[in-house]
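Working notes, structure below.
Nothing fancy with the numbering, it's 1 onward along the sequence.
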Amino acid sequence: MKRNTCTWTVTDADGVTHEIGCIVKSLNGPQVIVDGDQYSVQSVNTFINVVDYPVDLPGTECHVVMIGKKARLAVNGIYTDDETAYEPVSDIPAWIWGMVGISFVSGLFVGSLWGAAVGVIFGMGYITAALQKKNSKAILLFVLFVVLCIICFILRVILESKGVFGV
């Protein structure tokens with residue numbers, strides 16, 4: 001299985017340089033590596049890889065955040081890639097997690113594995129929007145997904161009634 005890895009170099013308050021890395025996808029699940037020590041971490045969601053792993057260095061607070069295949073590092077409350085404010089994954093409202101589950105299951109129902117994959121992709125969008133405090137964007141994405149499911153379901157019914165799928 002392909003390993004998606006990321007590494008960052010962080011200097012703590014004492015001037016000591018540390019290497020923080022992660023393996024987003026591996027046979028053993030997501031992992032965080034701090035100065036060569038490897039830690040297995042658990043996703044907070046069943047359908048999508050969502051990890052928020054704290055790394056405490058002297059005088060410096062870091063968080064390795066993984067959503068899907070994307071990994072980011074926040075140092076002292078600021079993401080290093082785009083300098084936006086860090087938001088803990090625990091701040092994601094429960095209704096967002098509900099939308100993620102609904103999208104996966106309805107995608108699976110409407111479009112089989114392809115539909116479930118589309119549901120997961122939309123779910124990552126809901127989570128990202130929630131972390132950015134853009135709940136209206138998450139709702140808009142969910143509505144778009146529901147409309148897409150309805151269209152796919154109608155097309156599937158029409159095609160099955162015409163015998164296109166051999167049913």
Side-chain angles (χ1 to χ4, degrees), residues 1-10 12 18-57 60-146 148-149:
M1 180 176 282
K2 184 179 179 190
R3 293 165 51 127
N4 298 332
T5 59
C6 300
T7 57
W8 302 275
T9 303
V10 177
D12 66 21
H18 301 272
E19 186 170 293
I20 300 173
C22 68
I23 301 171
V24 179
K25 192 167 184 127
S26 75
L27 292 175
N28 299 326
Q31 298 175 352
V32 174
I33 305 155
V34 180
D35 294 330
D37 295 328
Q38 200 162 331
Y39 305 95
S40 291
V41 294
Q42 290 288 339
S43 175
V44 296
N45 188 277
T46 304
F47 306 111
I48 300 172
N49 181 38
V50 180
V51 173
D52 187 345
Y53 187 81
V55 178
D56 290 323
L57 303 174
T60 307
E61 184 180 329
C62 300
H63 285 267
V64 177
V65 178
M66 298 179 227
I67 299 175
K69 293 182 179 181
K70 183 178 181 184
R72 303 172 74 191
L73 178 69
V75 178
N76 294 328
I78 304 293
Y79 283 109
T80 58
D81 58 350
D82 62 2
E83 297 184 0
T84 58
Y86 160 76
E87 289 291 334
V89 170
S90 61
D91 287 353
I92 296 174
W95 57 271
I96 294 285
W97 296 119
M99 289 188 335
V100 169
I102 289 168
S103 295
F104 176 80
V105 171
S106 58
L108 189 62
F109 172 72
V110 171
S112 185
L113 291 178
W114 288 106
V118 171
V120 166
I121 291 168
F122 270 84
M124 288 188 293
Y126 312 152
I127 293 167
T128 302
L131 287 174
Q132 296 170 348
K133 303 289 185 198
K134 296 180 180 177
N135 292 338
S136 58
K137 180 180 176 182
I139 292 168
L140 180 65
L141 284 170
F142 183 70
V143 168
L144 181 64
F145 178 77
V146 169
L148 185 65
C149 279

Practice prompt. Considering non-hydrogen atoms only, spot the tightest contact between Ile78 and Ala85 and give its length.
Written response: CD1-CA, 4.4 Å

Practice prompt. Side-chain contact test, heavy atoms from C-beta onward, threshold under 4.5 Å: evaluate it for Phe122 versus Leu144 and give yes or no.
Written response: yes

Response to the item:
Val24 and Ala71 have their tightest heavy-atom pair at CG2-CB, 3.8 Å

Worksheet item: Where is the tightest heavy-atom contact between Pro88 and Asp52, given as atom of each residue plus distance?
Response: CA-OD2, 3.4 Å

Response to the item:
Value for CD (Glu87) from OH (Tyr79), rounded to nearest 0.5 Å, stands at 7.5 Å

Practice prompt. Locate the shortest heavy-atom distance separating Met66 from Cys22; write the atom from each residue and the value.
Written response: CE-CB, 3.8 Å

Worksheet item: Quick one: does Glu61's side chain get under 4.5 Å of Asp56's, heavy atoms only?
Response: yes

Discussion item. Please check if the number of heavy atoms outside Gln132 that lie under 6.0 Å from its CD is greater than 12.
Written reply: yes

Fill in: Exercise: identify the closest heavy-atom pair between Asp12 and His18
OD2-NE2, 2.8 Å

Item to complete: Check for a donor-acceptor pair, side chain of Asp35 on one end and backbone N or O of Glu19 on the other, with a separation under 3.5 Å.
Response: yes

Worksheet item: Side chains of Ile92 and Val89: does their closest heavy-atom pair fall under 4.5 Å?
Response: yes

Worksheet item: Okay, side chain of Ser43, backbone of Val50: is any donor-acceptor separation there less than 3.5 Å?
Response: yes

Discussion item. Looking at Trp114, I'd like to know if its CH2 atom is crowded, meaning that more than 12 non-hydrogen atoms belonging to other residues, nucleotides or ligands lie closer than 6.0 Å.
Written reply: no

Worksheet entry | Exercise: identify the closest heavy-atom pair between Tyr126 and Met99 | CE1-O, 3.6 Å

Item to complete: Output the distance between atom OG (Ser103) and atom CZ (Phe145), rounded to the nearest 0.5 Å.
Response: 4.5 Å

Worksheet item: Less than 4.5 Å apart, any side-chain heavy atom of Val75 and any of Tyr86?
Response: no

Worksheet item: Any side-chain heavy-atom pair from Ile33 and Ile23 closer than 4.5 angstrom?
Response: yes

Discussion item. Are Ile127 and Met124 packed together at the side-chain level, in the sense that at least one heavy-atom pair is separated by less than 4.5 angstrom?
Written reply: no

Worksheet item: Hey, what do you get for SG (Cys6) to NZ (Lys70), rounding to the nearest 0.5 Å?
Response: 10.0 Å

Discussion item. Please determine whether side-chain contact (heavy atoms from CB on, under 4.5 Å) holds for the pair Phe109 and Cys149, giving the CA-CA distance in whole Å, both sets of side-chain angles, and the decisive distance to 0.1 Å.
Written reply: CA-CA 9 Å; Phe109 172 72; Cys149 279; over 6 Å; no

Discussion item. Nearest 0.5 Å, please: how far is NZ in Lys134 from CG in Leu131?
Written reply: 12.0 Å

Worksheet item: Is the shortest heavy-atom distance from the side chain of Arg72 to the side chain of Asp82 under 4.5 Å?
Response: yes

Discussion item. So, applying side-chain contact (heavy atoms from CB on, under 4.5 Å) with Leu73, which one of Val10, Thr9, Thr7 is it?
Written reply: Val10

Discussion item. Just verifying a value: how many Å separate Ile96 CD1 and Thr128 OG1, rounded to the nearest 0.5 Å?
Written reply: 10.0 Å

Worksheet item: Taking atom CG of Leu57 and atom CG of Asn76, what is their separation to the nearest 0.5 Å?
Response: 9.0 Å

Worksheet item: Within a strict 4.5 Å, meaning less than it, do heavy atoms of the Trp95 and Ile139 side chains meet?
Response: yes

